[in-house]
Enquirer: 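So that we are looking at the same thing, I have put the structure below in structure tokens.
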Amino acid sequence: MTKQQLLARWSGLQRREQQLLMTAAVVVVIAIFYYGLWQPLHQSLAQQKADLAGVQLQLNQVQSFPVAAAQSGPTVSLTDLISSSARKHNIQVSRMQPQNDQMQVMLNDLSFDQLLGWLHELQYQHKVSIVQLDLTKADQVGLVRVRRLVVES
């Protein structure tokens with residue numbers, strides 16, 4: 001339809017019909033604005049605020065981790081350190097293989113949280129650096145299998 005045809009049709013409508021169409025057009029424009037723009041932006045903002053709060057909580061938790069001072073005392077071999085630390089965390093080491101200044105470790109299935117606690121202790125309390133970590137999920141839910149962990153002191 002051309003503009004002239006639309007204007008002719010519009011002028012052919014009764015005054016009440018014109019008001020009804022104008023009101024409906026305003027309602028449709030408001031609905032498009034609200035559902036197409038305002039609501040998605042508002043939901044996105046709320047989600048980003050929730051994500052930010054979660055990240056800030058994680059940051060506070062990480063910052064509260066104790067950083068151990070350098071230990072002064074007898075030097076413990078990396079093998080003994082890993083063995084005793086794993087035993088303390090109830091982690092079963094399936095194999096340890098020394099490689100120069102590094103140690104390659106394979107672990108039996110364990111919970112992911114248990115692994116993180118152990119690695120945290122190794123890194124921050126015993127100053128052991130994690131060079132490489134290769135893990136997969138185990139058959140049971142919540143467990144991981146450490147195929148290869150390479151650490152150095």
Side-chain angles (χ1 to χ4, degrees), residues 1 3 6 17-153:
M1 287 188 135
K3 185 177 177 181
L6 286 175
E17 291 172 332
Q18 288 177 349
Q19 288 176 341
L20 180 65
L21 283 175
M22 290 295 283
T23 304
V26 168
V27 169
V28 167
V29 167
I30 290 172
I32 289 172
F33 173 76
Y34 179 77
Y35 290 109
L37 187 65
W38 180 262
Q39 187 181 23
L41 287 176
H42 185 67
Q43 287 176 344
S44 174
L45 179 64
Q47 181 63 41
Q48 288 178 356
K49 284 181 180 179
D51 291 347
L52 177 62
V55 169
Q56 286 175 333
L57 178 65
Q58 286 178 343
L59 175 64
N60 290 339
Q61 289 174 343
V62 169
Q63 287 176 338
S64 70
F65 288 157
V67 179
Q71 295 179 347
S72 61
T75 305
V76 180
S77 73
L78 191 56
T79 305
D80 293 339
L81 180 67
I82 289 173
S83 295
S84 65
S85 179
R87 219 176 8 261
K88 177 182 165 189
H89 285 269
N90 295 322
I91 296 174
Q92 295 177 355
V93 177
S94 60
R95 192 169 115 205
M96 279 195 291
Q97 183 176 1
Q99 298 175 341
N100 300 328
D101 292 340
Q102 298 179 341
M103 178 71 66
Q104 183 173 334
V105 182
M106 282 73 153
L107 304 174
N108 293 339
D109 293 356
L110 70 157
S111 77
F112 185 70
D113 293 336
Q114 189 179 12
L115 174 65
L116 287 182
W118 182 59
L119 293 176
H120 182 268
E121 179 182 310
L122 284 177
Q123 187 169 7
Y124 292 104
Q125 290 182 5
H126 302 295
K127 304 295 185 211
V128 173
S129 299
I130 299 166
V131 177
Q132 183 178 5
L133 175 62
D134 181 14
L135 58 93
T136 60
K137 63 180 182 178
D139 297 332
Q140 279 186 297
V141 176
L143 297 183
V144 294
R145 180 172 296 133
V146 178
R147 292 192 278 190
R148 188 167 104 167
L149 169 65
V150 180
V151 295
E152 65 184 5
S153 55

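Just the heavy atoms: all of them, side chains too, but no hydrogens, waters or symmetry mates, feed the values below.
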Enquirer: Side-chain contact, heavy-atom cut-off 4.5 Å: T136 with V144?
Expert: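 A side-chain contact is absent here, since even the closest heavy-atom pair is not under 4.5 Å.
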Enquirer: Quick check for you: to the nearest 0.5 Å, what is the distance between H120 atom NE2 and L115 atom CG?
Expert: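 Nearest 0.5 Å value for the NE2-CG distance: 13.0 Å.
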Enquirer: Does any non-hydrogen side-chain atom of Q63 lie less than 4.5 Å from one of L59?
Expert: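 Of all side-chain heavy-atom pairs linking Q63 with L59, at least one is under 4.5 Å.
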Enquirer: Can you tell me if S85 uses its side chain to pair, donor with acceptor, with the backbone of I82 under 3.5 Å?
Expert: no
Enquirer: Mind checking what makes side chain to side chain contact (heavy atoms under 4.5 Å, CB included) contact with M22, not counting sequence neighbours?
Expert: W10
Enquirer: Got a second to check how far L119's CG is from H89's NE2, nearest 0.5 Å?
Expert: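 Atom-to-atom, L119:CG and H89:NE2 are 9.5 Å apart.
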Enquirer: The criterion is salt bridge (Lys or Arg N to Asp or Glu O under 4.0 Å); which residues satisfy it with R87, sequence neighbours excluded?
Expert: none
Enquirer: Please list, chain by chain and in numerical order, all residues satisfying side chain to side chain contact (heavy atoms under 4.5 Å, CB included) with I30, sequence neighbours excluded.
Expert: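 Expected list: V26.
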Enquirer: Please examine the side chains of D134 and L149, heavy atoms only from C-beta on, and report whether any two atoms are closer than 4.5 Å.
Expert: no
Enquirer: According to side chain to side chain contact (heavy atoms under 4.5 Å, CB included), who are the partners of L37, at least two apart in sequence or on a separate chain?
Expert: F33, L41
Enquirer: Only counting residues at least two apart or in another chain, list the ones meeting side chain to side chain donor-acceptor pair (under 3.5 Å) with S77.
Expert: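 Testing S77 for side chain to side chain donor-acceptor pair (under 3.5 Å), a comparison that skips the adjacent residues, returns D80.
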Enquirer: For residues 90-113, which side-chain donor-acceptor pairs fall under 3.5 Å, sequence neighbours excluded?
Expert:
residue: Q92; atom: OE1; partner: N108; partner atom: ND2; Å: 2.9
residue: S94; atom: OG; partner: M106; partner atom: O; Å: 3.0
residue: R95; atom: NH2; partner: Q97; partner atom: OE1; Å: 2.8
residue: Q99; atom: NE2; partner: Q104; partner atom: OE1; Å: 2.7
residue: Q102; atom: NE2; partner: E152; partner atom: OE1; Å: 3.3
residue: D109; atom: OD1; partner: R145; partner atom: NE; Å: 2.9
residue: D109; atom: OD2; partner: R145; partner atom: NH2; Å: 3.1
residue: S111; atom: OG; partner: Q114; partner atom: N; Å: 3.1

Enquirer: For K88, which residues count as a salt bridge (Lys or Arg N to Asp or Glu O under 4.0 Å) partner, sequence neighbours excluded?
Expert: E121
Enquirer: Would you please name every residue forming a side chain to side chain contact (heavy atoms under 4.5 Å, CB included) with Q132, sequence neighbours left out?
Expert: R148, V150
Enquirer: Does any pair with a residue in residues 33-49 pass side-chain hydrogen bond (donor to acceptor under 3.5 Å, both in side chains), and if so which ones, sequence neighbours excluded?
Expert: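 As it turns out, the side-chain hydrogen bond (donor to acceptor under 3.5 Å, both in side chains) pairs with a partner in residues 33-49, which skip direct neighbours, are Q47-D51.
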Enquirer: Any side-chain heavy atom of L122 sitting closer than 4.5 Å to one from I130?
Expert: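 A side-chain contact under 4.5 Å is absent here.
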